[in-house]
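One structure below.
Not measured: the values here are computed from a predicted model. Any value given below was found using the heavy atoms of this structure, including those in side chains, with hydrogens, waters and symmetry copies removed.
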Amino acid sequence: MPGSQMLQTYLRRFRERFEPALKTYLTLKIKDLRQIDPMAGTIASITRDFILQGGKRLRAALVAIGYRSIEGEEPDAILQPAIATELLHTFFLIHDDVIDRSSLRRNNPTVHQVFRRFFAD
């Protein structure tokens, strides 16, 4: 199997494990935030929707690949730092969209545009 095909296979398999873990993590955090303040839960839900719209999850996968290159195996526990990396990257994208005054990301309204509409009502 050529190297690029091996990488694509690895990334697909990683995403199959990563996406449910990410969704579970976000769901639990939104639940926690709603208990503190319902508006915080709403803001987190809007952000969650953006995060789950897609993306290659390449940075998260690189965390797992880095761990695997040293330890030789990849436990499910690696998903937590991979999620943290994905969230950090996502917030960089949100910040970039604000700075660039972008209105679309991944063919959907940017997060700040969604917030603008939400709070305008």
Side-chain angles (χ1 to χ4, degrees):
M1 183 183 297
S4 64
Q5 189 176 9
M6 283 177 54
L7 179 59
Q8 291 302 319
T9 299
Y10 174 81
L11 291 174
R12 181 181 47 78
R13 289 181 181 157
F14 175 79
R15 283 190 303 267
E16 288 170 359
R17 291 176 40 230
F18 181 76
E19 291 296 329
L22 177 62
K23 188 172 185 175
T24 298
Y25 175 84
L26 294 171
T27 299
L28 292 173
K29 292 302 172 185
I30 290 169
K31 182 180 175 187
D32 290 346
L33 284 169
R34 283 203 171 112
Q35 291 177 353
I36 296 168
D37 181 350
M39 182 55 72
T42 299
I43 291 169
S45 292
I46 291 169
T47 306
R48 176 210 51 215
D49 293 346
F50 173 73
I51 294 167
L52 296 179
Q53 282 176 359
K56 295 180 283 291
R57 311 298 190 213
L58 184 59
R59 285 151 192 86
L62 288 172
V63 169
I65 290 168
Y67 183 90
R68 187 178 202 184
S69 70
I70 294 168
E71 293 297 320
E73 59 183 64
E74 186 183 304
D76 284 340
I78 198 62
L79 294 177
Q80 291 302 310
I83 288 170
T85 302
E86 186 65 24
L87 293 177
L88 182 62
H89 172 65
T90 297
F91 288 105
F92 288 152
L93 292 176
I94 292 169
H95 179 264
D96 183 62
D97 289 339
V98 171
I99 295 300
D100 293 345
R101 297 183 179 155
S102 300
S103 58
L104 293 175
R105 165 92 45 194
R106 299 176 185 143
N107 294 316
N108 292 297
T110 55
V111 172
H112 69 279
Q113 293 296 336
V114 173
F115 283 143
R116 177 177 285 144
R117 288 185 210 133
F118 182 80
F119 288 107
D121 295 335

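Distance check: S45 OG to M39 CE gives 11.0 Å after rounding to the nearest 0.5 Å. One finds the NZ atom of K29 at 8.0 Å from the CG atom of L33 (value rounded to the nearest 0.5 Å). Between the CZ atom of F119 and the CD1 atom of I43 there is a distance of 4.0 Å, given to the nearest 0.5 Å. Rounding to the nearest 0.5 Å places CG of L7 at 11.0 Å from CD of Q5. With rounding to the nearest 0.5 Å, the separation of CD1 in I51 from CD1 in I83 is 10.5 Å.
Residues satisfying the side chain to side chain contact (heavy atoms under 4.5 Å, CB included) criterion with E16, sequence neighbours excluded, are R12, R13. Residues satisfying the side chain to side chain contact (heavy atoms under 4.5 Å, CB included) test with A84, not counting sequence neighbours, are none.
In the hydrophobic cluster analysis, where Ile, Leu, Val, Met, Phe, Trp and Tyr join through side-chain heavy atoms closer than 4.5 angstrom, L62 is grouped apart from I78. There is no path of hydrophobic side-chain contacts, each under 4.5 Å, that joins V111 to I30. Hydrophobic clustering of Ile, Leu, Val, Met, Phe, Trp and Tyr side chains at less than 4.5 Å, counting indirect connections, unites F50 with L87. Taken together through direct or relayed side-chain contacts under 4.5 Å among Ile, Leu, Val, Met, Phe, Trp and Tyr, F91 and F18 form part of one hydrophobic cluster. Linking Ile, Leu, Val, Met, Phe, Trp and Tyr whenever their side-chain heavy atoms come within less than 4.5 Å leaves L58 and L88 in two separate clusters.
For residues 58-69, the set of pairs meeting the salt bridge (Lys or Arg N to Asp or Glu O under 4.0 Å) definition, not counting sequence neighbours, is empty.
Listed for the H89 side chain is no donor-acceptor partner under 3.5 Å among the backbone atoms of R57. Side-chain N or O atoms of S69 include one that pairs as donor or acceptor with a backbone N or O of G66 at under 3.5 Å.
L93 is listed as a side-chain neighbour of R106, based on a closest heavy-atom distance under 4.5 Å. Counting heavy atoms from C-beta outward, F14 and L79 have side chains that approach closer than 4.5 Å. Using a 4.5 Å heavy-atom cutoff, the side chains of L52 and K23 are in contact.
Scanning all heavy atoms of the two residues, the minimum distance from Y67 to P75 falls at CE2-CD, 3.3 Å. Of all heavy-atom pairs between T85 and A60, the closest is CG2-N, 4.5 Å. The two atoms that bring V114 and P109 nearest to each other are CG2-CB, 3.9 Å, heavy atoms only.
Shown here is D37, whose CG atom has more than 12 heavy atoms of other residues, nucleotides or ligands within 6.0 Å.
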### From CA spacing to verdict: side-chain contact (heavy atoms from CB on, under 4.5 Å), H112, D97
CA-CA 8 Å; H112 69 279; D97 289 339; 4.0 Å; yes
### Residue pair L26, L22: steps toward the side-chain contact (heavy atoms from CB on, under 4.5 Å) verdict
CA-CA 6 Å; L26 294 171; L22 177 62; 4.0 Å; yes
